[in-house]
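Here is the structure we will look at, set down as structure tokens.
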Amino acid sequence: MWQIEPSGPLRGDISVRGAKNGVTKHLVAAMLGDSPSTLRNTPDVGDVAITAAMLESLGMGVERSDGEITVVPGPVAEPRVPEAFTGLNRIPILMLGPLLHLTGEAELPLVGGDPIGRRPVDFHVDALRRFGAEVRVDENGVTAKASRLHGARIDLPYPSVGATETVLLTAVLAQGKTVLRGAALEPEIIDLALFLQRMGARIEMSPDRRFVIEGVDRLHGATTTLGGDRLEAFSYLVAGLITGGEVRVHGCPQDRLVTALTTLAKMGARFEITDDWVMGSAPDGLRSAAVHTDTYPGFVTDWQTPLVVLFTQAEGMSVLHETVFENRLVYVPALQSMGCEIEVFDTCLGGPACRFHDTNAIHSAVVRGVSKLRGADVTMPDVRAGFSAVLAAAVAGSPSTLRGVHHIERGYHHPLEQFSELGLHVRRVQPAG
Ligand code: EPU
């Protein structure tokens with residue numbers, strides 16, 4: 001666990017590495033090559049270690065050094081992701097198509113990830129069935145079989161990031177043409193498509209959320225440098241703004257942050273932007289805002305957790321409407337225990353009505369600022385919520401104890417060191433007992 005002493009404005013430079021939500025998918029893609037692939041600018045995060053261990057358990061060689069990973073594809077001994085990986089992250093479901101290509105069979109444990117809603121896998125399973133796989137899902141996980149997958153026409157009911165990746169990772173080696181409509185177009189997906197193209201895949205992108213993929217008989221290894229993590233970059237910019245400091249974030253291109261920067265600018269933040277870094281400050285304070293989350297290039301759902309904490313330090317009433325995940329406000333009680341004035345609702349506030357309109361999903365929040373926060377003993381429920389608790393602790397009037405820090409370390413590169421660099425008094429302590 002971490003102990004945090006509020007330490008005034010956070011200032012300084014930090015560098016983000018390649019995106020957590022990009023690197024793990026590239027690792028899965030590398031399984032499909034018939035020669036080694038190398039990824040550069042890789043972050044040292046828990047999700048990479050988990051995914052690398054999954055690949056190794058399947059028979060792949062994984063060589064890791066600081067900032068670089070090489071995957072040496074090997075024959076798959078048994079097409080089964082061991083049960084020990086149950087619930088650790090969302091990556092096993094992406095291995096379904098690749099394992100079917102490599103062995104004709106796949107057995108996966110239940111996927112996990114953060115407790116931010118039901119996180120179903122029906123889009124993935126439906127897509128695999130359209131490719132010709134026999135898929136069974138039960139309480140133990142997913143099993144599938146296929147002799148040869150063929151191209152398919154797939155319409156996603158919602159532009160799901162993971163399901164789009166499943167289709168790409170499966171279509172590239174399927175026999176014939178796949179047309180995917182309603183695809184997600186997040187930068188990490190485009191990076192994955194480009195990496196697959198580098199491996200020899202034939203992928204076309206159309207402007208209307210459509211991918212057309214011609215299956216090929218083989219893919220070879222490739223080398224790529226991962227694009228910077230926009231979720232991490234945003235989080236550290238907010239760390240500077242919320243404490244009245246100034247953080248310069250290197251390593252994440254401006255185009256990945258466009259909506260985030262505009263949203264923060266409307267709240268009164270000022271930015272200096274170059275080809276290499278973005279620096280944010282709010283010398284005149286912050287104003288309230290109404291924001292709804294969306295698919296790319298909208299305001300990303302992963303940005304909302306730091307944003308809600310920032311709202312508590314902005315003058316007036318702010319509104320947040322979460323439209324991507326039905327239960328992403330699970331972290332609010334922890335923030336309330338630190339003095340944040342937040343009320344949550346099951347209605348659509350702060351934007352057009354969303355898919356959760358007629359449900360009981362608590363997916364809107366009204367936040368009053370400026371609140372005086374106090375330190376607390378809180379347990380982090382997931383990776384992004386974990387970062388928000390650190391932000392609240394950084395502006396609280398007394399020390400905090402944060403538990404479950406493995407969540408934040410699953411998604412952020414060396415967060416304790418990065419926060420210390422910025423001047424936060426944070427130290428790791430062993431829980432008593
Ligand atoms: N959905 C379904 N059925 C499916 C798949 C998705 O109903 O089979 C629904 C989800 O329940 C959700 C919506 O579609 O309501 C969008 O989910 P999506 O599939 O896009 O999310 P994901 O692939 O599971 C990834 C990231 C998330 C990020 C979202 C949205 C990874 C490992 N996870 O999740 O990141 O919030 O896309 O951009 O890439 C995080 O990094 O902390 C994180 C949660």
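Start at 1 and go down the list; that is how both ligands and their atoms are numbered.
Cation-pi check for R355 over Y158 is met; the charged atom lies under 6.0 angstrom from the ring centroid and within 45 degrees of its normal.
Not close to ligand 1: E188, with no non-hydrogen atom less than 4.0 angstrom away. Within the structure, the closest approach of V121 to ligand 1 falls below 4.0 Å when heavy atoms are considered. Remark: distances from the non-hydrogen atoms of P120 to ligand 1 include one below 4.0 Å. Residue contact check for ligand 1: R410 places no non-hydrogen atom closer than 4.0 Å to it. Residue contacts with ligand 1 include K25, since one of its heavy atoms falls under 4.0 Å from the ligand. Residue-ligand proximity: E165 is placed with every non-hydrogen atom at 4.0 Å or more from ligand 1.
Heavy atoms of R328 found under 4.0 angstrom from ligand 1 belong exclusively to the side chain. The side chain of R355, and not its backbone, has at least one atom closer than 4.0 Å to an atom of ligand 1 (non-hydrogen atoms only; side chain from C-beta on).
Using a distance-only test at 3.5 Å, with no hydrogens or angles considered, no donor-acceptor pair links the side chain of T24 to the main chain of N21. Under a 3.5 Å cut-off, the side chain of R130 and the backbone N or O of R153 do form a donor-acceptor pair. A donor-acceptor pair under 3.5 Å is formed between the side chain of S364 and the backbone N or O of T347. The backbone N or O of G22 sits less than 3.5 Å from a side-chain atom of H26, completing a donor-acceptor pair. Side chain of T312 to backbone of V309: a donor-acceptor contact under 3.5 angstrom is found.
Where the criterion is an N or O separation shorter than 3.5 Å, residue side chain and backbone included, F123 meets it with respect to ligand 1.
The distance from ligand 1 to the heavy atoms of V324 drops below 4.0 Å at these ligand atoms: 12 (C), 13 (C), 15 (O), 16 (C). Distances below 4.0 Å separate heavy atoms of K20 from the following atoms of ligand 1: 40 (C), 41 (O), 42 (O). Within ligand 1, the atoms closer than 4.0 Å to a non-hydrogen atom of R90 are 24 (O), numbered from 1 in the order shown.
Here the shortest heavy-atom distance to atom 25 (C) of ligand 1, taken over D229, D122, N327, V161, belongs to V161.
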